[in-house]
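Worksheet for the structure shown next.
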Amino acid sequence: MTVLRSACPLNCPDSCGFVVEYSEDKGLQVHGDKKHPLTKGFICSKAQAQAQRVFSAERLRFPLLKDQGVFRRISWDEAYILLADKIEETLKEVGARGILHHYDYGHNGTLRELDRRFFQALGGVTEPRGSMCWGAGYRAQEIDFGGVLASDWTQVTQAKVIILWGRDPAITNLHMVPLLLEAKKAGARIVVINPVRVKSADFAQDYVQVNPGSDGVLAMGIAHIILREGWLDWDFVRRSVQGLEAFAQRAKEYNPERVAILTGISVEKQEELAQIISRTRPVTILAGYGLQRYSGGGNTLRAIDALLALTGNLGKSGAGIHYGNQYHGRHLNKVTMDRHRYQSRTFPHPFLAEEIRKADPPIRLAVVTRSNPLVQQPDSLLWREVWREIPFKVTFDITLTETARHSDMVLPVTTAFEEEDLIATSWSPILQLTQKIVEPQYEARSEAVIFTELAHRLGLGEAFPYTTEQWLEYVLAPLSEYGITLESLRKGPIRAPYIPEVAWEDLQFKTPSGKIELASEIALAEYGDAVADPLLEGSRDNLKVYQEFSKTQSQWDYPWYLITPHPHHSLHSQFQETEGFQLYIHPQLAEKHYLFTGDRALVETEHGQLLAWVSVSEDIHPQTVVIPEGGTVDGFGVNQLLAGKPSDFGESTPYYEARCQLRKWMVD
Ligand SMILES: Nc1nc2c(c(=O)[nH]1)N[C@H]1C(S)=C(S)[C@@H](COP(=O)(O)OP(=O)(O)OC[C@H]3O[C@@H](n4cnc5c(=O)[nH]c(N)nc54)[C@H](O)[C@@H]3O)O[C@H]1N2
Ligand SMILES: Nc1nc2c(c(=O)[nH]1)N[C@H]1C(S)=C(S)[C@@H](COP(=O)(O)OP(=O)(O)OC[C@H]3O[C@@H](n4cnc5c(=O)[nH]c(N)nc54)[C@H](O)[C@@H]3O)O[C@H]1N2
Ligand SMILES: [Mo]
């Protein structure tokens with residue numbers, strides 16, 4: 001039996017450590033690494049599902065080419081020749097920008113970025129910019145603090161107040177839960193702010209049911225009370241905060257009565273929250289990405305950051321905001337090229353399909369790696385139309401996803417158990433490797449190998465001089481000063497020594513003023529009105545609808561909020577075992593539509609419709625329909641209901657700013 005320490009490559013904050021065993025009779029077994037400081041020996045069902053996928057029937061085995069609508073097996077040599085021909089043809093006819101490279105983070109390995117290097121070596125192709133995930137909040141952190149940093153996970157155990165704001169660690173960040181429970185045992189108060197009474201609320205002392213998209217208003221309302229009562233940490237504010245006056249001016253407009261109407265949170269509860277945040281220290285906020293999947297998402301995060309700034313809850317043990325961090329990047333060599341060596345054309349994520357349709361030069365060839373855009377991008381109906389119009393599409397994946405199914409050529413790639421790669425994510429301070437425990441199955445190939453071979457065929461060999469092992473050595477070279485090498489990582493995970501325990505401990509913020517910027521010249525110059533407007537963009541839109549709706553409910557075609565959070569036992573479209581879509585609603589909403597658990601309902605938005613099984617639950621906000629994302633039925637997913645919309649900052653995708661109508665489905 002072979003036993004190796006390895007790592008989970010999935011796009012998930014936990015980035016678990018694995019102990020992997022393989023023998024011919026028992027096959028592949030994955031266990032949680034007991035010595036991994038965060039995994040501590042337990043893993044989730046998605047880890048097991050990955051191991052099962054390696055030898056499963058759903059695994060892509062050979063390169064496939066669509067021939068009169070049907071896939072047939074081709075050899076790798078044929079695949080390379082065809083892809084190289086298509087690339088050369090596109091270069092000749094319309095130039096490199098006629099190639100679309102769509103990628104995301106289906107595998108978090110550092111070497112997975114070699115796909116981008118390949119297209120950069122062609123001179124720069126068309127790529128998405130912005131984010132499907134966390135862009136608005138990310139940009140907000142950059143504006144406020146000059147960078148995105150979070151304290152070590154274990155710092156939450158030092159907090160006395162922990163706010164799970166639009167985040168549900170029990171579902172999306174499982175290994176944070178033991179640390180939260182430890183903090184609670186040591187006396188911390190845990191508050192959940194979410195339109196849904198999520199699983200993490202089971203261990204929280206407070207649950208606050210906010211109207212979807214109104215968190216920015218709530219945060220400004222809390223700031224209003226803190227300022228009115230003078231509950232600021234004045235020493236901290238004087239030393240480390242810039243723009244207090246301008247901010248206080250804005251906060252004045254959020255008087256508690258008005259905020260109560262907009263957010264659904266009573267004046268008393270707002271006051272209690274203001275007290276909790278300013279009277280008990282230290283406070284940690286675990287801000288999720290749910291609250292920034294609205295067009296006002298960036299401003300929302302800025303308002304939340306401001307609460308910590310006013311109360312001196314930054315740069316201290318047990319205090320701060322957990323959003324993400326940019327630690328590793330600066331310390332590792334990159335496999336992508338320097339920006340000045342290529343010129344790509346970029347289209348913003350939320351409008352990618354629309355932009356592709358209008359593109360000049362047009363997209364002649366699309367290549368998809370580590371993503372499933374036909375399911376995960378907004379407005380999937382438009383995506384399908386646009387996709388159909390692209391003359392030649394190639395998808396690299398492990399299974400035949402919807403995107404692969406609608407491609408002309410499909411190339412099978414290796415899983416994390418078949419190849420060595422470095423896992424150094426923006427969520428975890430731990431450095432680790434996925435290790436090869438079995439040979440690539442069937443004819444699957446590693447992308448590092450595929451792109452290297454393609455590069456050589458196209459005369460771009462100079463840009464791909466290394467083997468996989470050499471690339472990893474190159475990436476890790478700057479860490480030799482800490483004694484971290486490929487060899488040492490093969491023995492197990494290492495906490496990155498360059499990551500401080502406490503973010504911003506020196507209070508040297510990387511903004512132009514060196515302080516936390518509650519009023520930011522950069523933001524004003526870049527986003528203009530979206531920042532200057534006191535009623536947060538997007539939230540305003542949502543709330544206007546809400547107010548009007550409270551008056552004239554039935555007149556609205558699409559009266560209900562529709563949110564599509566991440567699924568529990570799957571990762572987006574991966575490992576889904578869909579038996580139809582599930583929608584969750586409150587008994588009050590169910591009653592309005594004569595719906596019961598087990599019924600079917602048609603969910604309709606301006607964009608599309610789908611049929612879902614109803615579950616009635618007291619946990620859901622009474623005007624909200626919840627459908628977990630990622631699943632597909634007959635090839636279509638919930639994103640066919642969602643429009644591509646802009647976010648205030650970061651060219652992010654406001655998936656949750658949607659409205660819907662329900663109709664009971666009577667036919668069987
Ligand atoms: N099991 C599982 N884990 C995952 C993933 C997965 O697909 N499945 N995906 C991974 C990825 S890529 C990411 S980005 C992270 C995301 O991790 P999270 O940010 O924790 O989770 P999401 O489901 O994206 O966001 C949703 C939370 O926001 C809440 N929410 C929605 N609207 C609002 C609002 O207006 N205000 C507030 N306060 N809350 C709101 C939803 O009810 C939900 O609980 O999870 C990662 N982990
Ligand atoms: N409605 C709605 N939509 C959402 C969200 C939401 O909350 N609501 N969340 C958004 C978020 S936060 C995110 S991050 C995106 C995620 O969007 P995607 O990243 O597109 O989601 P996945 O379904 O995980 O697709 C990843 C694909 O990569 C493949 N893969 C895994 N390893 C490799 C590899 O090594 N090489 C290659 N080539 N492929 C590999 C997997 O098999 C899978 O098919 O979805 C977004 N979409
Ligand atoms: Mo994400």
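Values reported hereafter were calculated over all heavy atoms of this structure, with side chains retained and with hydrogens, waters and symmetry mates removed. Just follow the structure's listing: the first ligand is 1, and inside any ligand the first atom is 1.
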The protein heavy atom nearest to atom 20 (O) of ligand 2 is Asn372 N, 2.8 Å

Check His349 against ligand 2 and report side chain, backbone, both or neither, counting heavy atoms closer than 4.0 Å. neither

Counting both backbone and side chain atoms, is some N or O of Thr369 under 3.5 Å from an N or O of ligand 2? no

Cys133: numbered ligand 2 atoms lying under 4.0 Å from its heavy atoms: 12 (S), 14 (S)

When you check the gap from the basic side-chain N to the acidic O, do Asp206 and Lys269 get nearer than 4.0 Å? yes

Considering all heavy atoms, the nearest Thr39-Ile43 contact: CG2-CG2, 4.1 Å

Residue part near ligand 2, for Asn11, under 4.0 Å between non-hydrogen atoms: side chain

Would you call Glu606-Lys645 a salt bridge at under 4.0 Å N-O? no

Could you tell me which atoms of ligand 2, counted from 1 in the order shown, lie closer than 4.0 angstrom to a heavy atom of Phe396? 37 (C), 38 (N), 39 (N)

Does at least one non-hydrogen atom of Tyr655 fall below 4.0 angstrom from an atom of ligand 2? yes

Side-chain donor-acceptor pair present, Arg59, Tyr442, cut-off under 3.5 Å: no

Between Gln582 and Tyr584: side-chain donor-acceptor atoms closer than 3.5 Å: no

Side-chain donor-acceptor contact under 3.5 Å, Tyr80 with Glu453: yes

Minimum distance, heavy atoms only, to atom 27 (C) of ligand 1: which one of Pro628, Pro565, Gly288, Gly166 is it? Gly166

In the protein, which heavy atom is nearest to atom 9 (N) of ligand 1, and how far is it? His566 ND1, 2.9 Å

Heteroatom proximity flag, Gln574 to ligand 2, N/O under 3.5 Å: yes

Could you tell me whether ligand 2 has any atom less than 4.0 Å away from a heavy atom of Arg293? yes

Let me see the working for Arg197 and Glu618 under salt bridge (Lys or Arg N to Asp or Glu O under 4.0 Å), right down to the final yes or no. CA-CA 8 Å; Arg197 194 185 179 287; Glu618 299 270 352; over 6 Å; no

Heavy atom of the protein closest to atom 23 (O) of ligand 2 (residue, atom name, distance): Ser573 OG, 2.4 Å

Measuring centre to centre across the rings, with the benzene-like ring taken for any Trp, is Phe451 within less than 6.0 Å of Phe396? yes

Atom indices of ligand 2, in the order listed, that fall short of 4.0 Å to a heavy atom of Met132: 10 (C), 11 (C), 12 (S), 17 (O), 46 (C)

Measure from atom 42 (O) of ligand 2 to every heavy atom in Leu642, Ile398, Val368, Asp397 and give the option owning the shortest one. Asp397

Looking only at protein heavy atoms, which one is nearest to atom 40 (C) of ligand 2, and what is the separation? Arg370 CA, 3.7 Å

Which option wins on minimum heavy-atom distance to atom 18 (P) of ligand 1: Val198, Asp215, Thr172, Ile171? Thr172

protein heavy-atom neighbour closest to atom 31 (C) of ligand 2 works out as Gly106 O, 3.3 Å

Measure from atom 33 (C) of ligand 1 to every heavy atom in Tyr656, Trp165, Tyr294 and give the option owning the shortest one. Tyr294

Only heavy atoms count here, so choose which of His107, Arg112, Glu447 is nearest to atom 36 (N) of ligand 2. Glu447

Tell me whether Ser570 reaches ligand 1 (any heavy atom closer than 4.0 angstrom to a ligand atom). yes

Is Pro567 close to ligand 1, meaning an N/O of one under 3.5 Å from an N/O of the other? yes

Gln376 contact mode with ligand 2 (heavy-atom cut-off under 4.0 Å): both

Distance under 6.0 Å and angle within 45° of ring axis: Arg659 vs Tyr561: yes

Using a strict 4.0 Å threshold on nitrogen-to-oxygen distance, state whether Glu447 and Arg112 make a salt bridge. yes

Does either side chain, that of Ser200 or that of Asp168, offer a donor lying less than 3.5 Å from an acceptor on the other one? yes

Among Tyr323, Trp427, Tyr289, closest by heavy atom to atom 19 (O) of ligand 1 is Tyr289

Thr401 heavy atoms, cut-off 4.0 Å: which ligand 2 atoms fall inside? 44 (O)

Numbered in order shown, the ligand 2 atoms found under 4.0 Å of a heavy atom of Arg53 are 42 (O)

Arg167 N/O under 3.5 Å from ligand 1 N/O: no

Under the 6.0 Å and 45° cation-pi test, does Arg370 pair with Tyr105? yes

Is it the side chain, the backbone, both or neither of Thr564 that has a heavy atom closer than 4.0 Å to ligand 2? both

What protein heavy atom is closest to atom 41 (C) of ligand 1, reported as residue, atom name and distance in Å? Asn194 OD1, 3.6 Å

Is the centre of the His586 ring less than 6.0 Å from the centre of the His621 ring? no

So is Glu418 close enough to ligand 2, meaning a heavy atom under 4.0 angstrom away? no

